**Q** 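Got a structure for you, written out below as structure tokens; questions coming shortly.
A quick note: this is a predicted structure, and the numbers were derived from the prediction, not measured. Just so it is clear, the values below take in all heavy atoms, side chains as well, and ignore hydrogens, waters and symmetry mates.
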Amino acid sequence: LKNETTRLSAVRAVDTVAALTTSKDQLQPAWIREVSLELAAQLRKADRSLRGPSLGALKNLLVTPAARNSLDTPTVNGLIGALLPLLTTADLHLLGPTLLVQAALVEDEPKIVVTEQLNRALCELLTAPLGGAVLDALLILVQNIGEKGVGAPLMNGLLTEVSVNGDPAVVGKVIGTLLAFGGGSVGVTLDSFLKELNTSSDEASKSLALAVLGESALRMGNKSPLTP
């Protein structure tokens, strides 16, 4: 990975190793940390043909059983520094995998990963059109943030900075997912959106509230307090 002439081949080899890893003891934690940082370093390069495969290899490596609990704080901080600049709609090809890497990191180090910078970047994303695989990846990240109990600042940003400034259907999915998996830790309840739906005179606000209620009910299933 450190040799420019063999770097792309090495990235592909790491990707293959990650894909074939099935148990926790197949990869050494020290190797995972070093390789993760080397792959992240490639994300700062201008070479698109290297950035894409490096991000893909990093994503596949971090979701392996061996990677769980293998990353120390300096490694996580190094990865975050390389990933945050990619949280933009300027390159949707890189955005989806970036969100999935962030989601994997949140599972082990939520308090380190979920920062003010991450929350701001996610809110900014929602002011632009999102869909397909990118939206799916965003919802996985938001679900993990909610499950780890660190979603209150993000919820505040979604309600104050995004709200009706984004696509109500998409923003509603994100807020509904965070509400369903974050529960009482996010600082708002379903009742807030029920009240908005029933009392607001603003059609955009009512559409958003309806989308939130629908997504949260879908995510919560039989546990949802809502009735038809």
**Q** On a heavy-atom basis, which atom in Ser205 and which in Ser200 lie closest, and how many Å separate them?
**A**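 Scanning both residues completely, I find the closest heavy atoms to be CB-OG, 3.8 Å.
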**Q** Is any side-chain heavy atom of Leu79 less than 4.5 Å from a side-chain heavy atom of Val113?
**A** no
**Q** So, the side chain of Thr75 versus the backbone of Leu71: is there a donor-acceptor pair under 3.5 Å, distance only?
**A**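 Side chain of Thr75 to backbone of Leu71: no pair is present.
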**Q** Which residue is it: Val212, Leu213, Leu218? I am looking for the one with a side-chain contact (heavy atoms from CB on, under 4.5 Å) to Glu215.
**A**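 Exactly one candidate clears the test, Leu218.
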**Q** Just verifying a value: how many Å separate Leu139 CG and Asn144 CG, rounded to the nearest 0.5 Å?
**A**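 One finds 11.0 Å between CG of Leu139 and CG of Asn144.
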**Q** Let me know which of Leu83, Leu95, Leu39, Asn60 forms a side-chain contact (heavy atoms from CB on, under 4.5 Å) with Leu55.
**A**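 Output: one option passes, namely Leu83.
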**Q** For the backbone of Gly221 and the side chain of Ser224, can you confirm whether one donor and one acceptor N or O come within less than 3.5 Å of each other?
**A**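 No, because the side chain of Ser224 does not come within donor-acceptor range (under 3.5 Å) of the backbone of Gly221.
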**Q** Flag the pair Glu34 and Lys2 as a salt bridge only when some basic side-chain nitrogen lies within less than 4.0 angstrom of an acidic carboxylate oxygen.
**A**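 Salt bridge flag = yes for Lys2 with Glu34.
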**Q** Report the distance from atom SG of Cys123 to atom CG of Asn156, rounding to the nearest 0.5 Å.
**A** 8.5 Å
**Q** Could you tell me whether the side chain of Val76 reaches within less than 4.5 Å of the side chain of Asp72, counting heavy atoms only?
**A**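 Asp72 vs Val76: side chains apart.
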**Q** For residues Leu86 and Asp91, determine if any side-chain heavy atom of one lies less than 4.5 Å from a side-chain heavy atom of the other.
**A**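 They are not in side-chain contact.
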**Q** Tell me yes or no: between the side chains of Ser192 and Glu196, is some donor less than 3.5 Å from an acceptor?
**A**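 Absent: no donor and acceptor within the cut-off.
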**Q** Identify the heavy atoms of Ile32 and Ala66 that sit nearest to each other, and give their distance.
**A**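 Distance-wise, the nearest heavy atoms are CD1-O, 3.4 Å.
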**Q** Are Val142 and Leu100 linked, directly or through intermediate hydrophobic residues, by side-chain heavy-atom contacts shorter than 4.5 Å (ILVMFWY only)?
**A**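 In one cluster: no.
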**Q** Run the side chain to side chain contact (heavy atoms under 4.5 Å, CB included) check on Val17 and Thr64 step by step: do they pass?
**A** CA-CA 10 Å; Val17 169; Thr64 63; over 6 Å; no
**Q** Can you see which heavy atom on Arg51 is nearest to which on Lys45, and at what distance?
**A** CD-O, 2.7 Å
**Q** Do Leu99 and Asp136 make a side-chain contact, defined as non-hydrogen atoms from C-beta onward lying under 4.5 Å apart?
**A** no
**Q** Could you tell me the separation between the OG atom of Ser216 and the CG atom of Leu178, rounded to the nearest 0.5 Å?
**A** 11.0 Å
**Q** Any link between Leu105 and Val63 through a network of hydrophobic side chains (Ile, Leu, Val, Met, Phe, Trp, Tyr) touching at under 4.5 Å?
**A** no
**Q** Quick one: CG on Leu126 to CG on Asp167, what's the gap to the nearest 0.5 Å?
**A**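 Between Leu126 CG and Asp167 CG, I get 9.5 Å after rounding to 0.5 Å.
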**Q** Check whether Ile140 and Val170 end up in the same hydrophobic cluster, where Ile, Leu, Val, Met, Phe, Trp and Tyr are linked by side-chain heavy atoms less than 4.5 Å apart.
**A**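 Result: no, two separate clusters.
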**Q** Taking the side chain as everything from C-beta on, heavy atoms only, tell me whether Val174 gets closer than 4.5 Å to Leu154.
**A**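 Side-chain contact under 4.5 Å: no.
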**Q** Quick one: closest heavy-atom pair of Pro168 and Leu208, and the distance?
**A** O-CD1, 3.8 Å
**Q** Do Phe181 and Phe193 share a hydrophobic cluster, counting only Ile, Leu, Val, Met, Phe, Trp and Tyr and linking them when any side-chain heavy atoms are less than 4.5 Å apart?
**A**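 In one cluster with Phe181: Phe193, no.
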**Q** For Asn198, does its backbone N or O pair with a side-chain atom of Lys206 as donor and acceptor, under 3.5 Å?
**A**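 Pair absent, no side-chain N/O of Lys206 close to backbone of Asn198.
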**Q** Looking at Ser185 and Gly149, what are the two nearest heavy atoms and their distance?
**A**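 Minimum heavy-atom separation between Ser185 and Gly149: OG-CA, 3.7 Å.
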**Q** What I want to check is whether the side chains of Asn165 and Ser163 have a donor and an acceptor closer together than 3.5 Å.
**A**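 Note: Asn165 and Ser163 side chains miss the donor-acceptor criterion.
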**Q** Provide the closest heavy-atom pair for Asn69 versus Asp108 in the form atom of the first, atom of the second, distance.
**A** N-OD2, 3.0 Å
**Q** First locate atom OG1 of Thr177, then atom CG of Leu179, and finally report the distance between them rounded to the nearest 0.5 Å.
**A**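 If I round to the nearest 0.5 Å, the distance is 9.5 Å.
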**Q** In terms of side-chain geometry, is the basic nitrogen of Arg120 or Glu124 positioned less than 4.0 Å from the acidic oxygen of its partner?
**A** no
**Q** Between atom CD1 of Ile145 and atom CD of Glu107, what is the distance when rounded to the nearest 0.5 Å?
**A** 11.5 Å
**Q** Say whether, by atom type as modelled, one donor and one acceptor occur between the side chain of Thr6 and the main chain of Ser9 under 3.5 angstrom.
**A**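 Not at all, since once roles are kept as given, no pair shorter than 3.5 Å links the two residues.
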